[in-house]
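Heads up: the structure comes next, in structure tokens.
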Amino acid sequence: MPYTYFLADSAYDSQQIYRYIFDCSSMIPVIDTNKRKGVSLEKQCQARWLGIQLRQIYAEKYKNRWEIERTINILQEYFNLEYIWYVRNRNYDAVLGLAILAYNLCVMFNILNSRPHRKVADIIGCY
């Protein structure tokens, strides 16, 4: 299933990224506006201007971005994913997939045992 939205923070607010998303995908970019670049329509290329307009239309979707950030932080902290990027000849997809599987198993365990869904640290031994 293809992705529908590209959710990103203001670090990804650039004309090149908007142009790439529009040219190479069918996603809707929902990127926070970099306040230092401003939103002056006269200075912007068409791709960034359109992206800023889409950000305003799909502002509700951007609120879900914290879920993505929190999940990545949990995977990095509890499953030591931060270090796999520095090792050569590593199968990143497999390691990331196993970490996501382990995380989902922890969430399922919590649901079945009427525990808070995101409580993971005590299951995997990180206190």
I would like to know whether Ile21 and Ile31 meet side-chain contact (heavy atoms from CB on, under 4.5 Å); could you show each step before the answer?
-> CA-CA 11 Å; Ile21 292 169; Ile31 302 173; 4.1 Å; yes
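- Residues Phe22 and Met27 fail the side-chain proximity criterion, which asks for heavy atoms closer than 4.5 Å.
- Two different hydrophobic clusters hold Leu112 and Val107 under the rule that ILVMFWY side chains link at heavy-atom gaps under 4.5 Å.
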Could you walk me through whether Leu105 and Phe109 pass the side-chain contact (heavy atoms from CB on, under 4.5 Å) test, one step at a time?
-> CA-CA 6 Å; Leu105 288 172; Phe109 174 83; over 6 Å; no
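- In terms of hydrophobic clustering, with Ile, Leu, Val, Met, Phe, Trp and Tyr side chains grouped at heavy-atom distances under 4.5 Å, Val30 and Ile57 are assigned to a common cluster.
- Atom OH of Tyr20 and atom CZ of Phe6 lie 10.0 Å apart (nearest 0.5 Å).
- Cluster membership for Ile111 and Ile100, using ILVMFWY side-chain heavy atoms within less than 4.5 angstrom, is shared.
- Put simply, the side chain of Asn110 gets close to the backbone of Pro116: a donor and an acceptor are under 3.5 Å apart.
- Summarising the geometry of Tyr18 relative to Asp13, their closest heavy-atom pair is CE1-OD1, 3.1 Å, with the distance given to 0.1 Å.
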